[in-house]
Number of protein chains: 2
Amino acid sequence: MANSDQSSDPTVQLREYVARGGYGPGAKLPPERKLTDDLGLSRSTLRKALDVLEREGVIWRHVGRGTFVSQDTEVEPPDALVDLGRKLTPFRMMRARVAIEPAIAREAAINASAEDIAQMEMAQQAAYSAETWRAYEKQDDLLHRAVAEAADNPLLLYLFDQLNQVRRAVAMGNVTRRTARPSREHVSFAEHEVLVAAIRNHDPQAAYEAMRTHLRSVSARLFEVG
Amino acid sequence: MANSDQSSDPTVQLREYVARGGYGPGAKLPPERKLTDDLGLSRSTLRKALDVLEREGVIWRHVGRGTFVSQDTEVEPPDALVDLGRKLTPFRMMRARVAIEPAIAREAAINASAEDIAQMEMAQQAAYSAETWRAYEKQDDLLHRAVAEAADNPLLLYLFDQLNQVRRAVAMGNVTRRTARPSREHVSFAEHEVLVAAIRNHDPQAAYEAMRTHLRSVSARLFEVG
DNA sequence: CACTCCGAATTGGTCGACCAATATCTACCA
DNA sequence: TGGTAGATATTGGTCGACCAATTCGGAGTG
């Protein structure tokens, strides 16, 4: 069924292919070679159209795996952030976290309100009872953001959020986990305890150190030369 | 002078070509065929890089006429940043600077190249000979940004730029200056010296302390209860 | 002098062919 | 049974070659 779409614009053609093909969110599109056949386009032209759709956030690509339709719920971060995430190495991303987040934790220790601390403890508890790594990571995110909120500085919170968006855009490759689900003995739990305790005691230096230690340990586990 | 740029990324290669070629706003770039020769790229690859710059609004193209550098090099900060700057108090803004910039200075001390340091020294010299406070502030900006660049981490540089845009948007009210023009004895000069020296010596801790001291001193002068 | 037309210069777009990088599957072996 | 190495599938990126569309200037003509 080659060249079934009449439109001359390859992007429109591809869009219609996706729409008419009934590919829901998360569905895997055919490989590029098949798409070139179906649409009657060369690979270069097809890839340019795919680039457009990817920039718009309609699809999502990954080498070796394929091309997928995005979940339509997610909001698309600005181009600049996506670009940054694409060319930033995971190492540099972690390096930035180690530089920035301890400074924020220090401010949090100074300014944290009772509610802020309650928020952190809640995330901590939820992390403990997380059944999957995915759920754990979500709570980990929430804990770190609660710390940023506790700093009581909209600018710092904004910068933290920017950092986080880039973090999510960075391709982390295969993070291999040793266990099926987070265990109680997972090092991060203890490190989080220390961090929250320091903030609870309004001890800026301790909070700074705790966050720094925690992120360095995460970093070490990520990049260990196994 | 083919392939004079070392970078592997065609886009940055092209960016550097434009920057180093001294093409001001409105200037006409060489035709694509010449660019491919100068940069050692194929036309497809070059055009992809040109696409990126055009999307960013850096250049402007038209069939039959050529490629031109855009007029408005001034990037307008997004509404979100202006908003943030409007409701942020100068005190909190400075607080964020004191938190973030020392951490960046530490990274700079670790990663600074000879060029980075030369850049800082240039800004320093220019600040010394500044005739007006306005000119001085511009060089001060450049020095701080040179430090951020020296950190050799695009994410940190991005965050610094965001911080800076908010800083500019913050209403600083009447900053009363005691002298008509920056004097040699202005405290910041000495503080900058210490900072650059620390980075030159690749001493992270000293650079961290120097930046922190400097910003706290700026902060103290701003908010002193006269 | 004014007008027309043609050709050169320039960007726009497509094509097909490579090879590289990454992920997944499979067959084999201990 | 479990793990490892190699084969296979898939996207990433570059290259050089076409031809089309548009602009601009200059040669030729009245």
Side-chain angles (χ1 to χ4, degrees), chain A residues 2-3 5-14 17-18 23 26-55 57-70 82-83 85-91 169-180 226, chain B residues 2-3 5-14 17-18 23 26-55 57-70:
Chain A
N3 215 358
D5 292 303
Q6 304 303 338
S7 173
S8 57
D9 185 345
T11 306
V12 178
Q13 220 173 322
L14 175 59
Y17 181 97
V18 175
Y23 296 101
K28 182 175 185 300
L29 292 180
E32 293 179 351
R33 263 75 181 196
K34 180 165 188 338
L35 284 177
T36 59
D37 287 354
D38 286 359
L39 295 174
L41 297 171
S42 78
R43 195 165 163 239
S44 330
T45 308
L46 170 71
R47 281 180 60 72
K48 215 157 103 178
L50 285 168
D51 283 344
V52 174
L53 265 66
E54 188 183 26
R55 266 199 303 279
V58 177
I59 61 170
W60 192 82
R61 299 189 279 180
H62 203 42
V63 284
R65 300 190 51 183
T67 306
F68 304 85
V69 179
S70 302
V82 178
D83 263 26
R86 212 192 304 280
K87 59 181 68 153
L88 201 70
T89 63
F91 182 78
V170 169
M172 289 306 274
N174 45 349
V175 178
T176 52
R177 323 227 72 146
R178 294 221 180 68
T179 57
Chain B
N3 217 357
D5 293 303
Q6 306 301 342
S7 173
S8 57
D9 186 342
T11 305
V12 294
Q13 218 174 321
L14 176 60
Y17 181 96
V18 175
Y23 297 99
K28 181 175 184 301
L29 291 180
E32 294 178 351
R33 262 77 179 195
K34 180 165 186 343
L35 285 177
T36 58
D37 287 353
D38 287 358
L39 295 175
L41 297 172
S42 76
R43 194 162 165 242
S44 331
T45 308
L46 171 71
R47 282 181 58 73
K48 215 160 102 179
L50 286 168
D51 282 345
V52 174
L53 264 67
E54 189 182 27
R55 265 200 303 279
V58 177
I59 60 171
W60 191 82
R61 299 189 280 181
H62 204 307
V63 261
R65 303 192 48 185
T67 306
F68 303 85
V69 179
S70 298

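The chains referred to below are lettered A, B, ... by the order of the sequence lines, with proteins before strands, and numbering in each begins at 1.
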Exercise for the section: Provide, to the nearest angstrom, the distance between the CD atom belonging to Glu54(B) and the C1' atom belonging to dG13(C). Expected result: 14 Å
Completion exercise
Heavy-atom closest pair (Ser70(A) atom, Gly57(A) atom, distance to 0.1 Å) is OG-O, 2.8 Å
Practice task
For Leu50(A) and Glu32(A), run side-chain contact (heavy atoms from CB on, under 4.5 Å): C-alpha distance rounded to whole Å, both residues' side-chain angles, the deciding distance at 0.1 Å, then the answer.
Solution key: CA-CA 9 Å; Leu50(A) 285 168; Glu32(A) 293 179 351; 3.9 Å; yes
Problem - Which nucleotide in dC15(D), dG13(C), dT14(C) has an atom nearest any side-chain atom of Arg47(B) - result: dG13(C)
Problem - Residue pair Gly26(A) / Phe68(A): nearest heavy atoms and the distance that separates them - result: O-CD2, 3.9 Å
Completion exercise
salt bridge (Lys or Arg N to Asp or Glu O under 4.0 Å) filter on Arg33(B), not counting sequence neighbours, yields none
Practice task
May I have the distance from Leu39(B) (atom CG) to dC15(D) (atom C1'), rounded to whole angstrom?
Solution key: 15 Å
Practice task
Tell me which nucleotide among dT11(D), dC15(C), dT11(C) gets nearest to the side chain of Thr67(B).
Solution key: dT11(C)
Exercise for the section: When you get a sec, tell me which of dC15(D), dT10(D), dG12(D) is the closest nucleotide to the side chain of Arg61(A)? Expected result: dG12(D)
Problem - Nucleotide dT10(C), atom C1' - distance to CH2 of Trp60(B) in whole Å - result: 13 Å
Problem - Lys48(A) NZ - dG12(D) C1' separation (whole Å) - result: 16 Å
Practice task
Find the distance Ile59(B):CD1 to dT11(C):C1' and express it as a whole number of Å.
Solution key: 11 Å
Problem - Note, Asp38(B) side chain near Tyr17(B) side chain (heavy atom, < 4.5 Å) - result: yes
Handout entry: Residue pair Tyr23(A) / Leu29(A), side-chain heavy-atom distance below 4.5 Å
Key = yes
Handout entry: Non-neighbouring partners of Arg61(B) that pass side chain to side chain donor-acceptor pair (under 3.5 Å), sequence neighbours left out
Key = Asp51(B), Glu54(B)
Practice task
Grab the two heavy atoms, one from Pro10(B) and one from Thr45(B), that are nearest each other, plus how far apart they are.
Solution key: CG-CG2, 3.6 Å
Practice task
Grab the CG-C1' distance between Asp9(B) and dA20(C) for me, whole Å please.
Solution key: 16 Å
Fill in the blank from the handout: B/S/- along nucleotides 21-27 of chain D (protein heavy atoms under 4.0 Å) is -BBS---
Problem - Gln13(B) (side chain) donor-acceptor with Leu39(B) (main chain) under 3.5 angstrom - result: yes
Handout entry: Side-chain heavy-atom pair Lys48(B), Lys48(A) within 4.5 angstrom cut-off
Key = no
Practice task
Please report, rounded to the nearest Å, how far the P atom of dA23(C) is from the CD atom of Glu32(A).
Solution key: 16 Å
Practice task
Would you please confirm or rule out a distance under 4.0 Å between OP1 or OP2 of dT14(C) and any side-chain N or O of Ser42(A)?
Solution key: no
Practice task
Go through Lys28(A) and Arg65(A) one step at a time and tell me if the side-chain contact (heavy atoms from CB on, under 4.5 Å) criterion holds.
Solution key: CA-CA 9 Å; Lys28(A) 182 175 185 300; Arg65(A) 300 190 51 183; over 6 Å; no
Handout entry: Angle by which the axis turns from one end of the helix from dC1(C)-dG30(D) to dA30(C)-dT1(D) to the other, five pairs per end, to 10 degrees
Key = 0°
Practice task
Output all residues satisfying side chain to side chain donor-acceptor pair (under 3.5 Å) with Thr36(B), sequence neighbours left out; order by chain, then residue number.
Solution key: none
Write down the protein N/O and nucleotide N/O pairs, taken from nucleotides 17-19 of chain C, whose separation is under 3.5 Å; answer none if there are no such pairs.
none

Exercise for the section: May I have the distance from Phe68(A) (atom CZ) to dA9(D) (atom C1'), rounded to whole angstrom? Expected result: 12 Å
